Amino acid sequence: METKTIKTDSGIEIKELYCERVPMDELPGQFPFTRGVHAAMYRDRLWTMRQYAGFSTAEESNKRYHFLLSQGVSGLSVAFDLPTQIGYDSDHAMSEGEVGKVGVAIDSLQDMELLFKDIKLADISTSMTINATAFILLAFYIALAKKQGADIKKISGTIQNDILKEYAARGTYIYPPAPSMRLITDIFEYCSKEVPKWNTISISGYHIREAGANAVQELAFTLANGKAYLQAAITKGLDINVFAQRLSFFFNAHNNLFEEVAKFRAARRMWATITKELGATDPRAQMLRFHTQTGGSTLTAKQPKNNIVRVTLQGLSAVLGGTQSLHTNGYDEALSLPTEEAASLALRTQQILAYESGATDTVDPLAGSYYVETLTNEVETAAWKLIEKIDVMGGSVKAIEHHFMQDEIARSAYAYNKAIEDKSKVIVGVNKFTSAEAAHPPVFRIDDSIRVGQSEKLTKLRAERNNDAASAYLAAIRQKAGTTENLMPAVIEAVENLCTLGEIADTLRGVWGEYKG
């Protein structure tokens, strides 16, 4: 009797039964780290439980951070509004209608102080999802840490700082690729000397997946981008054994439990191979450490409470795959920013996985499964094929310039949505098991008047600061942008003297121009 063909979302065919044992002589904590980057994994230390949050003003976001800390989060994760992401102050004409909407508005060091009011940066780890203006937000954070009296050599956290995926999938870029890559390697160099515990980049597959990529594409394009960052830093003269230790990754977790676990396991093995081939000899420079966020694009506005189950399943895949930190989405995020109730439930989901599921009792609990080991190999093989195509083109920057990644993602997104429309792909509550009853959970809305308040703060700041000094520090950035000198010290001095995010971004626009895509 002919059995039906079943494939993963990446098109890998799934056999009815797996009986062949895959050779498995690897151990966790040892090259190539397929089974985990630490020998004891969660038996020694659980993943960092982060909840991504940021909205409205710095004052309002600060209240949410204190709430999350009171609920047991072990690290903060900051979302910034669109103007902050693309280098416009809140009072700029381009900011109208967007201030505080998808994250918090940060215009100056004063906003950063309000964002972390009564939170000691020396005592927490902070992740900031920011790319084109990552260098400015990092400067704000370092300046605030110094103001609080912290030893900046001991502060820890992560900036996303991954501009290549912006060109390929997300779109919040400012400058052309070459100067953008220069900013990233400046951050690598500065932090390796001055802020050695800071993760200088979180190479993001998350947004590639959100744009419509499948699991194999997410893996391949993310690692190809990572390879490009390694090569850029090596060209700048940096030691891969030093700077590669501070690179981290950011992956998505979708609903196909076993494919996601296989993706995470394959990612570690592939990155170990890439770093070794580029000259890394220190095991800590060969390890792929990653943060995971559950899939925003998988959340449905119809029957939104079904998303609680989806988020749990996705969080479990990240844990079984060996993540170092995790954000679980609120069930209501297809409708609005998460309410406090939804954010609290999302955190409780992680805590239940950690303390009640048994998934943390042993390292890499799915190792040796005929299915999981085979699928890990198949995901890896498919991802290498895509990376080889990118290498032939000359690497990620060239592949993006030739629209290779964008076109691959678009084709995948089209196929996925077509499958939902023709019901060959079942989404519970959307195209099967639907209900006529409409759900109306409480939603979280942002008031448009926030822009007025932010603009008033900017007017006051510019009236009270030393404008001659601010102009001088902006001029220093402009001058250094035309040299090979590291820009980070000049940017930190500028923000300490109350230059705004928009002023610094515009200064560099004047030197480098804007990328038009």
Side-chain angles (χ1 to χ4, degrees), residues 7-12 47 49-53 77 79 102 127 129 160 162 165 168-170 202-222 249-267 290-338 342-343 345-347 349-350 353 375 379 383 409-410 412-417 419-420 425-431:
K7 295 182 178 182
T8 70
D9 291 340
S10 299
I12 296 171
W47 63 90
M49 297 182 193
R50 299 189 188 276
Q51 286 306 111
Y52 187 47
S77 186
V102 298
S127 173
T129 303
Q160 191 164 104
D162 174 10
K165 67 92 175 47
R170 191 161 173 263
S202 178
I203 304 159
S204 175
Y206 185 85
H207 302 97
I208 290 170
R209 191 68 174 277
E210 290 292 285
N214 59 42
V216 166
Q217 291 169 331
E218 176 193 1
L219 175 58
F221 297 162
T222 305
F249 286 80
F250 175 23
F251 286 115
N252 210 313
H254 275 217
N255 291 328
N256 191 318
L257 177 72
F258 296 107
E259 184 175 42
E260 294 302 299
V261 173
K263 177 188 76 180
F264 297 134
R265 299 175 86 247
F290 68 100
H291 169 71
T292 310
Q293 182 173 337
T294 55
S297 61
T298 69
L299 302 179
T300 63
K302 294 179 180 178
Q303 299 183 22
K305 288 189 177 178
N306 293 345
N307 295 329
I308 298 169
V309 183
R310 293 185 179 102
V311 168
T312 303
L313 186 67
Q314 294 163 10
L316 179 61
S317 78
V319 171
L320 292 174
T323 194
Q324 276 61 69
S325 72
L326 177 62
H327 165 88
T328 34
N329 289 330
Y331 72 88
D332 54 0
E333 289 189 52
L335 300 166
S336 71
L337 291 172
L345 180 57
L347 176 61
T349 301
Q350 291 201 49
L353 287 173
L375 193 54
V379 166
I409 292 167
S412 176
Y414 175 78
Y416 184 81
N417 283 287
I420 293 172
K425 175 75 177 174
V426 172
I427 305 296
V428 173
V430 174
N431 63 1

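Computed from a prediction, not measured in an experiment: that's the story for all the values here.
For Lys305, there are no salt bridge (charged side-chain N to carboxylate O under 4.0 Å, His left out) partners, not counting sequence neighbours. In this structure Thr328 satisfies the side chain to side chain contact (heavy atoms under 4.5 Å, CB included) test together with Gln51, Thr294, Val311, Leu326, Ala346, Gln350, sequence neighbours excluded. Applying the side chain to side chain contact (heavy atoms under 4.5 Å, CB included) rule to Asn255 yields the partners Thr298, Arg310, Leu313, Gln314; only residues at least two apart in sequence or on another chain are considered. With sequence neighbours left out, the side chain to side chain contact (heavy atoms under 4.5 Å, CB included) criterion links Tyr414 to Lys418.
Judged purely by distance below 3.5 Å, without hydrogens or angles, the side chains of Thr8 and Glu259 pair a donor atom with an acceptor atom.
Looking only at distances, a side-chain donor or acceptor of Ser412 sits under 3.5 Å from a matching main-chain atom of Gly212. Within the 3.5 Å criterion, the main-chain N or O of Arg50 finds no donor-acceptor partner in the side chain of Ser77. In terms of modelled atom types and a separation under 3.5 Å, the side chain of Tyr206 and the main chain of Gly296 share a donor-acceptor contact. A donor-acceptor contact shorter than 3.5 Å links the side chain of Thr300 to the backbone of Lys302. The main-chain N or O of Pro338 is never found under 3.5 Å from a side-chain atom of Glu333 such that the two would form a donor-acceptor pair. Looking at Gln217, its side chain does come within 3.5 Å of a backbone N or O of Asn214 through a donor-acceptor pair. In this structure, Ser317 contributes its side chain and Ala253 its backbone to no donor-acceptor pair below 3.5 Å. Counting only distance, with no hydrogens or angles, the side chain of Asn307 and the backbone of Tyr331 share a donor-acceptor pair below 3.5 Å. With hydrogens and angles disregarded, a donor-acceptor distance shorter than 3.5 Å links the side chain of Gln324 to the backbone of Gly322.
Pairing each heavy atom of Asp162 with each of Ser204, the nearest pair is OD2-N, 2.7 Å. Here the shortest heavy-atom pairing between Ala266 and Val379 reads CB-CG1, 4.3 Å. Residue Ile308 comes nearest to Thr312 through the heavy atom pair O-OG1, 2.8 Å, listed as atom of the first residue, atom of the second, then distance. Taking both residues in full, the closest heavy atoms of Asn252 and Glu260 are given as O-OE1, 3.3 Å, listed atom of the first, atom of the second, then distance. Of all heavy-atom pairs spanning Leu335 and Ala301, the tightest one is CD2-CB, 3.8 Å. Ala413 approaches Ala211 most closely through the heavy-atom pair CB-O, 3.9 Å.
Lys165 is not listed as a side-chain neighbour of Thr222, based on a closest heavy-atom distance of 4.5 Å or more. You'll find the side chain of Gln160 reaches within 4.5 Å of the side chain of His207, heavy atoms only. Between Val216 and Ile12, the closest side-chain pair of non-hydrogen atoms falls below 4.5 Å.
For the ring-ring contact (aromatic ring centres under 6.0 Å, His included) condition, the pairs that include at least one residue of residues 290-309, sequence neighbours left out, are Phe250-His291, Phe251-Phe290, Phe264-Phe290. Sorted by first then second residue, the salt bridge (Lys or Arg N to Asp or Glu O under 4.0 Å) pairs that include residues 211-221, not counting sequence neighbours, are Arg209-Glu218, Glu218-Lys263.
Remark: Met49 CE to Thr349 OG1 distance equals 10.5 Å, nearest 0.5 Å. Expressed to the nearest 0.5 Å, how far NZ of Lys7 lies from CG of Asn256 amounts to 14.0 Å.
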What's the verdict on side chain to side chain contact (heavy atoms under 4.5 Å, CB included) for Thr292 and Trp47, showing C-alpha distance, side-chain angles and the deciding distance? CA-CA 10 Å; Thr292 310; Trp47 63 90; over 6 Å; no
